[in-house]
> 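Sharing a structure, written as structure tokens. Questions coming.
Here is how names work: the chains are called A, B, and so on, in the same order as the sequence lines, proteins then strands, and each is numbered from 1.
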Amino acid sequence: MSASTDRRWAELARELEFRQLPELRRQAEGWRTGLTGLTALFAVLVVLKGRDDLAGLPVAARVAATGLLAAAFLLLAAGSLLAVRASHGRPGDEITLGGQALRAWTEREVVRVSRRIVTAAVCCVTGLVLVAAAVAVAWSTTGAAPEHLVRVTTPQATVCGELADAGARGTAVWTGEGGERLLRVVPAASVTSVEPVGSCPGR
Amino acid sequence: MTAAPAHDFATVYAERDLGEVPADFSRRTAPDGRAVVVEGHCPCCRGRTVTEFRRGVPGTGTKGALSRLLHRAPAADTDPLATEVLFCECGYPHPRQPADAVFVGCGASWRVRDTASGGGP
């Protein structure tokens, strides 16, 4: 290391003494932005609605989609944290502000940041692929929304579900969803009314 | 006991690298515990020079979690007297010193060869 280089590192270290607060503020701002993004990511992954609602999937598909989403979340969270640490450092990290100490720290830091950026990119891309796979599983295994919903009323009870058949023997209605789907037949003699409805309780 | 050499105020400022010098320098921890103070006499102008190495945030950097778990001592905690290049900070603006010089002194720089004579913190 030449004398002029040593002098430059020493001057840089001396300069850092007077930039402690701005440096810390910059670090805090970076972490705030990163953690806000992480919170948004969590919200997006947790709130899956409509056809992507995992509760309406068959058991096997639900387990697969849940596992994919959990793995994706972990990878995306890890990738985000690694990216934030690579760009804004680790809070609380301190060194003795001398030229040679700063030079050694910088050399180690270059290696660490380079590795973290690559790891963060791999984590984020893999996480996105897993999210896409989870959505694909949800879409491919979710049935179409039930139509022809009716409410069959008898003096004793009310049955609400998808109309399967209606004839002299009575009215057949599919109730429940997924593994609890059940065909219920209401005898014609006891039916007092059959009326179309937009939705059934619990569906 | 020998008297301290006289400060040569006439030494002209120049960025001289003196290499390793067997000078008598001492090291102590600052009262607030946040700095290491290295002091002695400049091998070039003989002025008393005091350099304070404070602890601080080096910038936007990271430290590996593995290093923390294994309690690896950071290199930054090494003895500045043994590792750092010292610069004359006698505080006297020697002739021809640039106006923007960071280290006010004669411009000399050196490494201390023998740290055994330095005082502990």
Side-chain angles (χ1 to χ4, degrees), chain A residues 1-31 78 81-117 120, chain B residues 13-21 27 29-30 33-38 44 49 51-68 72-89 98 100-105 107-112 121:
Chain A
M1 191 64 64
S2 71
S4 60
T5 308
D6 287 339
R7 185 176 292 272
R8 193 163 176 189
W9 276 110
E11 289 174 353
L12 184 59
R14 182 61 58 90
E15 184 68 25
L16 272 174
E17 279 188 41
F18 305 100
R19 295 210 316 258
Q20 292 292 286
L21 190 56
E23 201 67 51
L24 281 171
R25 293 246 192 267
R26 200 155 60 95
Q27 196 175 54
E29 283 175 10
W31 272 93
L81 283 175
L82 283 170
V84 171
R85 286 182 66 168
S87 53
H88 299 288
R90 185 189 184 285
D93 204 8
E94 281 189 344
I95 65 167
T96 301
L97 293 176
Q100 298 306 304
L102 182 63
R103 182 178 65 83
W105 177 86
T106 301
E107 287 172 356
R108 292 194 305 272
E109 192 61 15
V110 166
V111 175
R112 278 199 292 258
V113 169
S114 305
R115 285 180 185 160
R116 289 222 165 95
I117 289 172
Chain B
Y13 182 96
E15 294 186 356
R16 310 174 187 86
D17 178 25
L18 306 181
E20 288 198 345
V21 175
R27 164 181 52 82
T29 305
R34 299 274 305 158
V36 175
V37 179
V38 173
C44 182
T49 173
T51 303
E52 189 179 65
F53 295 97
R54 296 205 68 80
R55 287 194 65 77
V57 180
T60 51
T62 66
K63 182 178 177 185
L66 188 61
S67 298
R68 286 187 178 274
R72 283 182 191 155
D77 286 338
T78 53
D79 180 9
L81 194 51
T83 57
E84 292 294 337
V85 175
L86 301 180
F87 295 85
C88 177
E89 292 191 85
D100 59 348
V102 175
F103 305 107
V104 178
S109 63
W110 64 92
R111 286 176 184 269
V112 177

> Is the side chain of Trp31(A) donor-acceptor paired with the backbone N or O of Gly89(A) at a distance under 3.5 Å, no angle test?
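A pair under 3.5 Å: yes.
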> Side chain, backbone, both or neither: which part of Gln20(A) has a heavy atom under 4.5 Å from chain B?
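For Gln20(A), side-chain heavy atoms alone lie under 4.5 Å from chain B.
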> Does the pair Glu23(A)/Arg26(A) count as a salt bridge with the N-to-O cut at 4.0 Å?
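Here Glu23(A) pairs with Arg26(A) in a salt bridge, since their nearest N and O are under 4.0 Å apart.
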> Please identify each residue that fulfils side-chain hydrogen bond (donor to acceptor under 3.5 Å, both in side chains) with Arg19(A), with sequence neighbours left out.
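So Arg19(A) forms no side-chain hydrogen bond (donor to acceptor under 3.5 Å, both in side chains) with any residue.
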> Looking at chain B, which one of Thr106(A), Leu97(A), Leu12(A) has the largest number of heavy-atom pairs inside 4.5 Å, strictly under?
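Winner by heavy-atom pair count: Leu97(A).
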> Could you tell me which residues satisfy ring-ring contact (aromatic ring centres under 6.0 Å, His included) with Phe53(B), sequence neighbours excluded, listed by chain and number?
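Testing Phe53(B) for ring-ring contact (aromatic ring centres under 6.0 Å, His included), a comparison that skips the adjacent residues, returns none.
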> Do you know which of Gly30(A), Ala13(A), Gly98(A) has the most heavy-atom pairs with chain B at a distance under 4.5 angstrom?
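Between Gly30(A), Ala13(A), Gly98(A), the count favours Gly98(A).
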> Quick one, Thr51(B) with Glu89(B), criterion side chain to side chain donor-acceptor pair (under 3.5 Å). Give me CA distance, side-chain angles, the key distance, then yes/no.
CA-CA 7 Å; Thr51(B) 303; Glu89(B) 292 191 85; 2.9 Å; yes
> Who among Glu15(A), Glu11(A), Arg115(A) has the most heavy-atom pairs with chain B under 4.5 Å?
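Most pairs with chain B among the choices: Glu11(A).
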> Is Leu24(A) in contact with chain B via its backbone, its side chain, both, or neither, using a 4.5 Å heavy-atom distance?
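Contact with chain B: side chain only.
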